[in-house]
K.L.:
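Supplied in structure tokens, the structure appears directly below.
Scope of the values below: all heavy atoms of this structure, side chains included, with no hydrogens, waters or symmetry mates.
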Amino acid sequence: MVKRSVILIFSVFIVISSLFAQDMKYSVPDKIKGKTVFTKILGKHNGYFFVVRYDKKATQNFLFEKYNSELKVVRNHEFNIESGTSVEDIRFMNGQLYFFYSEYEKQDKLHKLYCDVYDESFNQVDKENLIATTSVVPSNSKSFKIEYDLIYNQIVILYAESIVNDVIKFNILVLDDILTTLNSAHTRLNYSKEFSIKNIQLFNGQFTALVYEKTSGLLKGNKSNIDFFYYDVGNQKKIIRKLDFDSVKFENIAYRYDIVNKAYLFSGFYSSDNKEQIIGMGMYRYFVFNDSSFLKLTPFSDEMIVSISGKYDASGMLNYYPQGIVLRDDGGYVLISEYYSIQKEMQNDYYALNNTYVKYYYHYSDIMLVSVNADGQIDWNRIIRKDQNSMNDDGYYSSFSYATVANKIVILFNDFSRSKWNLLYHVIDPAGNVDFEVLVNGNTFNGSFIPRQAQQVGLFEIMVPALDQKRGFTLAKITIK
């Protein structure tokens, strides 16, 4: 997955042409069972790095690890979660580890959300703390959605409490770091078609999310109408803004709070109502304090389409998905997007007991960066070419991660063009200059990195998990000098 950057402001005034020098350290490899392991790099605290590893078997195994600056494990804690318990989220905040999980109790017919809390030495300081209950289970997601405000050390939890005549009553809880309820609110959403809530965020008690409502019709496919859902939990203020304007609407979008302009910033690609293809890029700012907004739509020029796709054809733009926004200190921003698609293929095997099986093909391709000024004008766009294809693995080694370091954007991904993959390292400066080098040569490292599970853990530090083919799991720390 794409990782959030630690430095939020991307300066447009400092331009350095050379690549950074890097120092890499590796942890001692640890044998694992199976071919894959899922890693969540939780963060850094008091000079130590905190990581959780887990699998996705019926009985899940979880291993928490604490590493020192030399990447030596100084403490760990391992346990199993039995079938029937759903892990909702794991986070590290203010020196404590929060393990949220839910269980269904047949007698009460309720889904119950609990949280166990551990200190930085993995001593349990709170156990089976009951946070919320509900009888409603969404058809396409977990029962509870959880997000964190690491600036104000707060936790927000969203869950459906009841459904009456297609009207869903939601509860929003805002907790502090000792799981005390600071504020709570009830709100109702009424959508006539199937919808989902994604990209929830919390900033100083203000809850936000994107609501995707599926459209219907033969030509609509899996398209959705997108709404911005805002709720000030303390003041009980709800706002829903539709992200379609006149004859155009956003198809793929990213958003975040813009601290420079003191507004919510949305950016992505838009289509017209009568065309099944992307025709341009848009910026939309919404100012909650006075209920005003600013919209800038920029149609794609032929020159930009050619620079992205290599031909005069914008049909492939539907497969570009925004992955993050990096703010510039002049009120502009850089939108980072990736091209990807998934294909499903049904095949017959007449010699098998079940003669039909499914193959999934995962295709992760180019990365696009578009730098936009405060007025919504495009300053530059860049394409970083890559071609990553795999089958039946959820794109485990594919995709990329990004970070912001010393006023530059750093991008990491595997180069699949060789039999032994290189880990590539790209640096994009504020003027749009792109440099790259091979960070790790596949001929010198007997394994594969997992860039999408990487995380920036300090101003100049990025951690990337990897699997050594013979020795098992290892963790790499990149220190940028």
Side-chain angles (χ1 to χ4, degrees), residues 2-16 147-154 156 199-210 226 228-232 234-235 237 239 241 243 245 250 252-270 280-298 322-337 368-382 402-411 427-433 456 458-460:
V2 174
K3 310 300 175 186
R4 292 180 179 171
S5 54
V6 174
I7 305 175
L8 302 180
I9 300 296
F10 182 51
S11 173
V12 297
F13 301 112
I14 300 176
V15 178
I16 306 170
E147 193 49 77
Y148 300 75
D149 182 345
L150 297 180
I151 297 176
Y152 292 93
N153 291 327
Q154 295 178 351
V156 64
N199 308 103
I200 74 169
Q201 298 180 16
L202 179 70
F203 181 75
N204 194 21
Q206 299 172 66
F207 169 88
T208 57
L210 297 179
I226 308 174
F228 173 57
F229 175 31
Y230 168 94
Y231 203 101
D232 185 332
N235 295 318
K237 178 183 179 182
I239 298 171
R241 302 279 292 198
L243 299 181
F245 311 93
F250 283 106
N252 307 320
I253 198 168
Y255 86 101
R256 65 173 300 165
Y257 185 72
D258 181 349
I259 59 176
V260 176
N261 294 288
K262 295 182 174 57
Y264 286 95
L265 170 66
F266 305 82
S267 187
F269 309 115
Y270 66 89
M281 175 179 167
M283 179 192 78
Y284 176 68
R285 283 200 185 96
Y286 177 59
F287 303 87
V288 174
F289 69 93
N290 63 0
D291 195 30
S292 65
S293 61
F294 172 76
L295 174 67
K296 176 65 176 179
L297 300 175
T298 303
Q323 301 297 307
I325 293 174
V326 176
L327 299 177
R328 298 178 1 180
D329 63 359
D330 65 345
Y333 65 94
V334 178
L335 178 68
I336 305 175
S337 306
M368 176 167 54
L369 298 96
V370 184
S371 186
V372 181
N373 67 23
D375 296 323
Q377 302 288 343
I378 295 176
D379 286 339
W380 50 259
N381 71 283
R382 298 292 182 267
Y402 74 89
T404 56
V405 179
N407 302 312
K408 294 187 177 184
I409 296 175
V410 176
I411 288 178
V427 175
I428 303 93
D429 71 18
N433 299 310
Q456 184 171 358
L459 295 179
F460 303 98

K.L.:
So, taking the atom named CG in Leu335 and the one named OH in Tyr333, what distance separates them when rounded to the nearest 0.5 Å?
P.N.:
6.0 Å
K.L.:
Rounded at 0.5 Å granularity, tell me how far CG in Leu202 sits from CG in Asp149.
P.N.:
5.0 Å
K.L.:
For Ala209 and Ile200, work out which heavy atoms get closest and say how close.
P.N.:
CB-CG2, 3.7 Å
K.L.:
Could you give me the CA-CA distance, side-chain angles and deciding distance for Ile428 and Trp380, then say whether side-chain contact (heavy atoms from CB on, under 4.5 Å) is met?
P.N.:
CA-CA 12 Å; Ile428 303 93; Trp380 50 259; 3.8 Å; yes
K.L.:
Starting at OH of Tyr402, measure out to CG of Leu369 and round the result to the nearest 0.5 Å.
P.N.:
10.0 Å
K.L.:
Are the side chain of Arg285 and the backbone N or O of Ala374 linked by a donor-acceptor pair below 3.5 Å?
P.N.:
yes
K.L.:
Should Tyr230 and Gln206 be marked as a side-chain contact (heavy atoms from CB on, under 4.5 Å) after you check the CA-CA gap, both sets of side-chain angles, and the distance that decides it?
P.N.:
CA-CA 7 Å; Tyr230 168 94; Gln206 299 172 66; 2.8 Å; yes
K.L.:
Testing the basics here: between Gly376 and Lys296, what is the closest heavy-atom pair and its distance to 0.1 Å?
P.N.:
O-CG, 3.4 Å
K.L.:
Determine yes or no for a side-chain-to-main-chain donor-acceptor pair under 3.5 angstrom, with Asp375 supplying the side chain and Gln377 the backbone.
P.N.:
no
K.L.:
Is the side chain of Ser267 donor-acceptor paired with the backbone N or O of Gly282 at a distance under 3.5 Å, no angle test?
P.N.:
yes
K.L.:
Checking the side chain of Asn252 only, and the main-chain atoms of Pro322 only, is there a donor and an acceptor separated by less than 3.5 Å?
P.N.:
no
K.L.:
Just verifying a value: how many Å separate Leu265 CG and Ile259 CD1, rounded to the nearest 0.5 Å?
P.N.:
12.0 Å
K.L.:
Tyr286 and Ser292: which non-hydrogen atoms are nearest, and at how many Å?
P.N.:
CD1-O, 3.3 Å
K.L.:
Looking at every non-hydrogen atom in both residues, tell me the closest pair between Lys408 and Val427 and how far apart they are.
P.N.:
CD-CG1, 3.2 Å
K.L.:
Is there a side-chain contact between Asn381 and Met281, using heavy atoms and a 4.5 Å cut-off?
P.N.:
no
K.L.:
Which of these, Phe245, Phe250, Phe228, sits in a ring-ring contact (aromatic ring centres under 6.0 Å, His included) with Tyr284?
P.N.:
Phe245
K.L.:
Search all heavy atoms of Arg241 against all heavy atoms of Ile239 and return the closest pair with its distance.
P.N.:
CG-CG2, 3.7 Å
K.L.:
Measuring centre to centre across the rings, with the benzene-like ring taken for any Trp, is Phe229 within less than 6.0 Å of Phe207?
P.N.:
yes
K.L.:
Compute whether any side-chain donor of one residue and acceptor of the other, for Tyr255 and Thr208, lie under 3.5 angstrom apart.
P.N.:
yes
K.L.:
What's the verdict on side-chain contact (heavy atoms from CB on, under 4.5 Å) for Arg328 and Asp379, showing C-alpha distance, side-chain angles and the deciding distance?
P.N.:
CA-CA 12 Å; Arg328 298 178 1 180; Asp379 286 339; 2.8 Å; yes
K.L.:
For Leu327 and Asp258, run side-chain contact (heavy atoms from CB on, under 4.5 Å): C-alpha distance rounded to whole Å, both residues' side-chain angles, the deciding distance at 0.1 Å, then the answer.
P.N.:
CA-CA 7 Å; Leu327 299 177; Asp258 181 349; 4.1 Å; yes
K.L.:
Whether the Tyr148 and Asn153 side chains hold a donor-acceptor pair (N or O, under 3.5 Å, no angle test) is what I'd like checked.
P.N.:
no
K.L.:
Work out which heavy atom in Ala403 is nearest to a heavy atom in Gln456; give both atom names and the distance.
P.N.:
CB-OE1, 2.9 Å
K.L.:
If you measure from CG on Leu210 to CD1 on Ile253, what distance do you get to the nearest 0.5 Å?
P.N.:
6.5 Å
K.L.:
Could you grab the distance from atom OH of Tyr270 to atom OG1 of Thr298, nearest 0.5 Å is fine?
P.N.:
6.5 Å
K.L.:
Looking only at atom types and distance, does a side-chain atom of Gln201 sit under 3.5 Å from a main-chain N or O of Arg256, one as donor and one as acceptor?
P.N.:
no
